[in-house]
Student: 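Here you go, one structure.
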Amino acid sequence: MLGVELLSLVVSLTPAEKLNRQIVRVLTSFFCGKLDDMATIKPALNGLATLTLLQSFSPVEAVVTIEAIFRHIKMKSIVQDQRFKVFSIIDSVMAFHRDVLKNMGKQFLDGYINLAEGEKDPRNLIVAFAIARVILIEFDISGHVESMFNILFCYFPITFRPPPNDRYGISTDDLRMALRNCLNATPAFGPLAIPVFLEKVSAGSRVTKKDTLQTMAVCLPVYGSALARVSARKLWNALKLEIFQPVDPETEQEALKTTQILVKTIYMDEEEALEHDEDIQGLARDACEECVHILKEPEKTQAKPAIKILCTFMTTTPSVARYTISQAVPHLVRLFLTPDEASTREPTLLLLSDLIAAARDSTKKSSLEDADPPLLPYKDEVLGVFIVGLKLITTRNAALSGLKVMATTKRLLSDEELGFIVHNVNEIIQADGEELYESIEAILEVLTIISDIAPRHVVEQTLPLLSSSLPDTAPARDDATGREKCWQTLTTLSKLCIQTELFEQLVIRLTTKLDLLCFPSSEQMLSVSADPEPTAAYAHMILKALAQALSTKVKGKHPDIAKYLDRLVPIIFNVFVSSAFLSEEQMIVAKEPRLVQVAAEIINFVVQSVPSEKQRFYSVELSKAIIDGNVSTIAEGFQKAAKSERFSIFDASTTSAKRNILALLSAAVISLHKEARLSLRDVSGFLEMLLRWVLDIADNDIQKLAALHIVSSILNRQVEDLSVFLNTKLDVYWNTEIVNDASPLPRRRWAIKTWIWITKALLVRKHPLAMKLTEQLYDAFDDEAIGWDAAKAIGQIPSPDTVLTKANHAEVKLIPLLLRGLDLPDAEIRSNIIDTFLAAAEGETPEKSLVAEHGVTLVNAMLKNCVSNDVSSTQVRISALRYLAVLPSIVRYDILHPHKATVLRELAKVLDDPKRAVRKQAVDARTNWFKYKG
């Protein structure tokens with residue numbers, strides 16, 4: 001035994017080129033001769049496993065080896081690892097000497113079936129299934145169909161569950177897929193397999209049903225149309241039970257998919273032979289008639305699964321799809337128009353919407369994308385019932401759903417018909433009843449879709465209608481209804497005007513209104529001066545509408561945003577700079593801090609979307625405004641004060657209204673690319689000046705935060721040039737402003753906030769000084785006056801913000817540091833860190849992801865932070881689930897695919913969380929992971 005083992009080891013360590021044909025032949029004969037002795041079988045198999053991989057292992061040795069294995073090996077008498085070697089040897093011979101095995105014919109098939117029968121170990125089965133698939137596809141198994149069927153279908157369905165901490169890594173899905181690849185390898189299995197499938201799908205557990213349905217879906221096309229046609233009625237009876245009475249939504253979806261494949265398998269071969277859609281016979285016709293009959297009562301629960309089946313038929317073959325449309329659409333149209341069925345109009349329209357949506361989607365998923373849409377012959381009737389439904393309050397939302405589908409169906413509606421829809425939707429808007437706002441979201445969806453296809457209709461019809469309802473002066477303080485109507489109209493405009501043409505019109509119309517409000521006529525000035533609040537509130541609404549529309553465009557990465565650096569930003573600057581000057585003489589609403597803050601949002605959205613090359617030119621003019629108070633090149637509008645006047649923001653004698661302008665300038669500065677930095681002669685000196693200005697001159701939070709945002713932004717991008725400032729000036733600042741107990745408490749608190757923003761700037765780019773600055777805050781814990789402020793500051797440093805973000809082109813490299821923070825015991829800090837990840841995800845794509853290399857770590861960390869048993873903080877659980885929901889959209893599928901099953905399993909547990917808000921986030925996250933595919 002030791003001799004055989006030693007020889008086997010020597011062979012495995014000998015270079016392949018040293019083992020010539022003669023040596024291999026002798027060694028093969030020797031090892032085969034040792035297979036009949038239980039004492040030497042293991043080393044003999046090891047030796048043969050090595051030899052079968054060599055180029056010098058010839059067909060002669062292949063036959064000798066296989067015959068010896070069949071003659072001597074009794075699989076039930078040997079242990080798992082020895083059986084694995086047997087399968088591995090056969091697998092190697094199959095790979096390199098397949099023709100030899102084919103020539104052995106019945107001898108090989110009988111021998112292999114005898115060997116493989118009864119194997120139970122998953123490691124061995126993976127190899128055995130791979131061998132079986134090759135046999136079924138490439139060998140003549142006509143005399144062995146039943147035997148092969150028996151040694152494979154005995155494992156169906158797979159019930160194996162890997163033990164905890166399984167070191168072999170074989171999952172249930174691995175075995176399931178390997179077996180499935182055998183079951184669909186030959187049409188010869190069809191007649192034997194169908195009864196097994198029917199039995200398992202009708203009597204099995206949820207898992208068994210799902211596995212069976214998925215297996216049927218891949219097997220039916222292989223088994224062929226003839227068998228599918230013969231078995232159609234039995235299969236349909238089993239499938240429709242899982243659709244009309246599903247055990248869960250997943251099983252229902254699998255049953256629908258299998259039904260689609262069954263119908264496609266039956267009718268695909270005869271597609272070209274069918275001259276008319278009415279020639280459809282058999283299952284498709286019978287099932288269609290059955291479902292249409294159920295739709296006579298559209299309000300009943302059975303109507304929904306019936307329409308799902310008809311929708312499934314739309315994705316089978318063109319002739320079946322056309323036949324389905326021809327039967328179902330006229331039926332639903334007639335049903336809607338029947339006076340006696342008025343109570344069922346809403347469910348009828350909803351069913352019709354589902355069907356035509358399936359018709360639309362069927363062309364997207366096929367090679368017939370350029371063909372006429374299936375709904376075309378019935379377009380007029382369907383459009384007619386949706387327009388009628390639009391006029392009725394009870395059916396309006398259902399009708400809008402249908403109109404949305406029609407508008408998104410390519411080549412269905414003409415330009416004139418799209419205009420006709422817009423006209424009818426506008427009539428609903430004009431009616432302006434309370435019920436309008438119950439349908440406003442659906443109305444907006446329809447108009448937005450049409451604006452992407454034919455914006456002219458919305459620009460010419462809808463925009464004037466909405467804009468004309470906005471007054472030039474603010475509703476009075478006691479006119480709550482008028483104020484609410486203004487806000488609803490502006491909200492509608494901000495959601496609708498996203499498309500390029502519409503947004504351009506929105507900017508023109510709203511900036512005109514803004515100018516009228518901020519600079520009223522002399523007649524209106526008296527009433528505004530008496531009560532400025534309504535006008536300020538209205539101006540705030542207008543600015544907010546612009547900001548919301550821009551936010552949507554930024555998320556959609558719209559390329560047209562950049563042009564508003566010349567068309568919108570100068571107008572905003574002009575309004576507020578001119579207001580700052582005029583406020584010294586009269587009551588001006590645009591000096592209000594809340595208006596300045598929203599205006600800053602608008603500037604930030606636009607500037608961050610401008611390419612770096614154009615930003616470089618803009619930063620020169622921005623520098624003039626900040627340093628010299630010359631805003632003439634960045635402000636443009638009716639008021640000329642901004643053009644002719646200069647002011648020094650940082651001068652102690654400057655008014656508060658003028659100092660507030662720094663918030664607008666800061667919004668632009670924080671958006672600049674690293675290459676588009678401000679033109680500053682002495683950057684360190686400028687930062688020192690800002691720190692002093694925050695403590696000595698700035699008189700409100702807006703001014704102070706604006707200055708700190710500039711400091712943080714410049715530090716983040718130019719840290720390499722600021723070593724003196726960081727290593728010397730900050731120590732002085734710490735001693736004189738933070739730990740100096742003689743300094744007033746409010747001043748010390750703002751000094752700590754300054755420290756936070758400086759540390760943030762370094763932390764997000766992973767600068768080593770960030771930890772030193774953070775640790776310095778611990779030294780202030782014992783100070784009774786600021787100890788609590790210092791403690792809170794440590795939690796605020798890693799918290800998310802809207803300044804140091806990828807969207808603003810900040811240098812962000814903080815991932816490893818944040819990952820360590822996810823293990824901290826403090827729930828608030830963990831929540832802040834996860835929110836930072838969420839903020840960093842804005843604008844991320846799978847192709848260019850900051851977190852891709854840490855994807856698996858993040859998945860595990862988020863799962864750990866979303867289970868109520870382990871995490872008491874509701875906010876942490878919600879944040880973790882939100883980030884889990886985002887991960888599939890920012891990390892490539894191949895990275896996270898191995899963890900998909902684990903995530904889904906763990907999220908299923910969170911669905912039982914005691915907090916409703918957590919359960920809702922879990923549903924969203926689970927949906928995103930379900931849809932996550934390569």
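For reference, positions follow the sequence shown, starting with 1. Reckoned from all heavy atoms, side chains included, excluding hydrogens, waters and symmetry mates.
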Student: Fit a plane to each ring of Phe153 and Phe149, take the angle between them on a 0 to 90° scale, and name the class: parallel (under 30°), tilted (30 to 60°) or perpendicular (over 60°).
Tutor: parallel

Student: Using 4.0 Å as the upper bound for N to carboxylate O, is an ion pair formed by Arg919 and Asp912?
Tutor: no

Student: Under the side-chain hydrogen bond (donor to acceptor under 3.5 Å, both in side chains) rule, collect the residues that match up with Ser889, sequence neighbours excluded.
Tutor: none

Student: Can you confirm whether Tyr155 sits close enough to Glu119 that some side-chain heavy atom of one is under 4.5 Å from a side-chain heavy atom of the other?
Tutor: yes

Student: What I'd like to find out is whether the side chain of Pro221 reaches to under 4.5 Å of the side chain of Ile261, using heavy atoms alone.
Tutor: yes

Student: Salt bridge between Asp894 and Arg892, side-chain N to carboxylate O under 4.0 Å?
Tutor: yes

Student: For the residue pair Thr408 / Arg360, report whether a side-chain donor-acceptor contact shorter than 3.5 Å exists.
Tutor: yes

Student: Assess whether a salt bridge exists between Asp354 and Lys304, defined as any Lys/Arg side-chain N lying under 4.0 Å from an Asp/Glu carboxylate O.
Tutor: yes

Student: To the nearest 0.5 angstrom, please state how far the OG atom of Ser401 sits from the CD atom of Glu445.
Tutor: 8.5 Å

Student: Salt bridge between Lys210 and Glu254, side-chain N to carboxylate O under 4.0 Å?
Tutor: no

Student: So, taking the atom named OG1 in Thr258 and the one named CD in Gln253, what distance separates them when rounded to the nearest 0.5 Å?
Tutor: 10.5 Å

Student: Does any part of the side chain of Thr208, heavy atoms only, come nearer than 4.5 Å to the side chain of Leu213, both counted from C-beta?
Tutor: no

Student: May I ask you to decide if the ring planes of Phe313 and Trp236 are parallel, tilted or perpendicular, using 30° and 60° as cut-offs?
Tutor: tilted

Student: Does Arg396 come within less than 4.0 Å of Glu438, counting only side-chain N to carboxylate O?
Tutor: no

Student: Taking Arg206 first and then Glu250, would you say they form a salt bridge - that is, a charged N and a carboxylate O separated by under 4.0 Å?
Tutor: no

Student: Classify the ring geometry between Tyr223 and Phe197 as parallel (under 30°), tilted (30 to 60°) or perpendicular (over 60°).
Tutor: parallel

